[in-house]
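Data first, discussion second: the structure below is written as structure tokens.
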Amino acid sequence: MSDIVIFGAGGHAKAVIDTIEQQGRYRIIGLLDANQPTGKRVYGYEILGDDSWLFVHEHSVHGAVIAIGDNWTRAAIATRLEADVPQLAFPTIVHPAAHVARGASVGAGSVVMAGAVIGSDASLGQHCIMYPGSIIEHDGIMEDYASFAPRAAAGGNVKIGSHSAIGIGATVIHGIAIGGHCVIGAGATVVKPVSDQTVAYGTPARIVRTRERGERYL
Ligand SMILES: CC(=O)SCCNC(=O)CCNC(=O)[C@H](O)C(C)(C)COP(=O)(O)OP(=O)(O)OC[C@H]1O[C@@H](n2cnc3c(N)ncnc32)[C@H](O)[C@@H]1OP(=O)(O)O
């Protein structure tokens with residue numbers, strides 16, 4: 001089993017830890033989080049410190065999973081780690097109760113939780129999150145750092161741009177393209193394309209406003 005560290009020690013990290021444990025391929029040697037006390041434990045795993053711990057121990061660690069739910073923040077940490085610790089691997093974490101269909105692919109650092117479905121020939125980029133029960137159907141494309149909240153679903157041939165968040169229980173009908181840095185609100189039904197940096201919600205989903213890159217949404 002390869003040794004990995006987890007970035008983040010909050011609620012999202014707990015869900016990621018469970019997924020890693022169920023997958024059974026990686027040994028978690030600890031968590032890194034600058035905002036929590038060193039030595040505290042989460043599910044028995046010790047918070048070892050912040051990023052600086054990795055610079056000292058980089059040769060004893062195979063990889064890292066960035067367990068931060070906010071898409072912009074997760075991307076910023078990934079970019080920093082790629083520059084500062086280039087040999088660090090980002091394993092793909094897939095719960096054994098998720099389904100990755102024939103021809104589908106899941107990029108490095110992405111986490112696919114219990115009950116999620118990646119349809120035939122669909123592709124997930126790097127550091128994406130599929131929360132429990134979310135579905136991206138056949139031939140879908142999810143660009144890097146995008147996320148599907150619990151029970152969010154997309155029909156076939158949907159494209160989700162980088163950093164975009166599909167809210168809990170939202171539905172995107174087949175063939176729709178959603179741009180980058182969008183937030184689709186909880187329970188929305190998206191029936192028309194959505195351009196970059198847009199917040200949309202409702203049934204049918206309406207464009208509510210534009211948003212800045214990195215603007216908080218959780
Ligand atoms: C494991 C996990 O927890 S994963 C995360 C799960 N969570 C999610 O998926 C959250 C998704 N986020 C949302 O849906 C949020 O409500 C957002 C991002 C759309 C909020 O967008 P904002 O523009 O900031 O909306 P704001 O909170 O200011 O509310 C403005 C109005 O829109 C309404 N509104 C907000 N979200 C929605 C929605 N999804 N559908 C319908 N109406 C909504 C509010 O009730 C409010 O109405 P009011 O003016 O009549 O009071």
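Both counts, for ligands and for their atoms, begin at 1 and track the order of listing. Side chains included, hydrogens not; waters and symmetry mates left out as well; all remaining heavy atoms used. Here the structure is a predicted model, which means the values were calculated and not measured.
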*Are Ile93 and Ile66 connected in a single hydrophobic cluster, I mean Ile/Leu/Val/Met/Phe/Trp/Tyr linked by side-chain heavy atoms less than 4.5 Å apart?*
no
*Would you say Val100 and Ile136 are hydrophobically clustered, going by side-chain heavy atoms of ILVMFWY under 4.5 Å?*
yes
_Less than 4.5 Å apart, side chain to side chain, heavy atoms only: is that true for His99 and Ile118?_
no
*Between Ile178 and Ile160, is any pair of side-chain heavy atoms under 4.5 Å apart?*
yes
*Near Gln87 CD, under 6.0 Å, is it more than 12 heavy atoms from other residues, nucleotides or ligands?*
yes
Using atom types as modelled, flag every donor-acceptor pair under 3.5 Å from a side chain in residues 4-19 to any protein atom, sequence neighbours excluded.
| unit_1 | atom_1 | unit_2 | atom_2 | d |
| --- | --- | --- | --- | --- |
| His12 | ND1 | Tyr131 | OH | 3.2 |
| Thr19 | OG1 | Ala15 | O | 2.8 |

Could you give the N/O to N/O pairs under 3.5 Å linking ligand 1 and the protein, each with its distance?
| unit_1 | atom_1 | unit_2 | atom_2 | d |
| --- | --- | --- | --- | --- |
| ligand 1 | 9 (O) | Ile168 | N | 2.8 |
| ligand 1 | 14 (O) | Ala186 | N | 2.8 |
| ligand 1 | 23 (O) | Arg209 | NE | 3.1 |
| ligand 1 | 23 (O) | Arg209 | NH2 | 3.3 |
| ligand 1 | 24 (O) | Arg209 | NH2 | 3.2 |
| ligand 1 | 32 (O) | Tyr201 | OH | 2.6 |
| ligand 1 | 39 (N) | Ala186 | N | 3.1 |
| ligand 1 | 39 (N) | Ala186 | O | 2.9 |

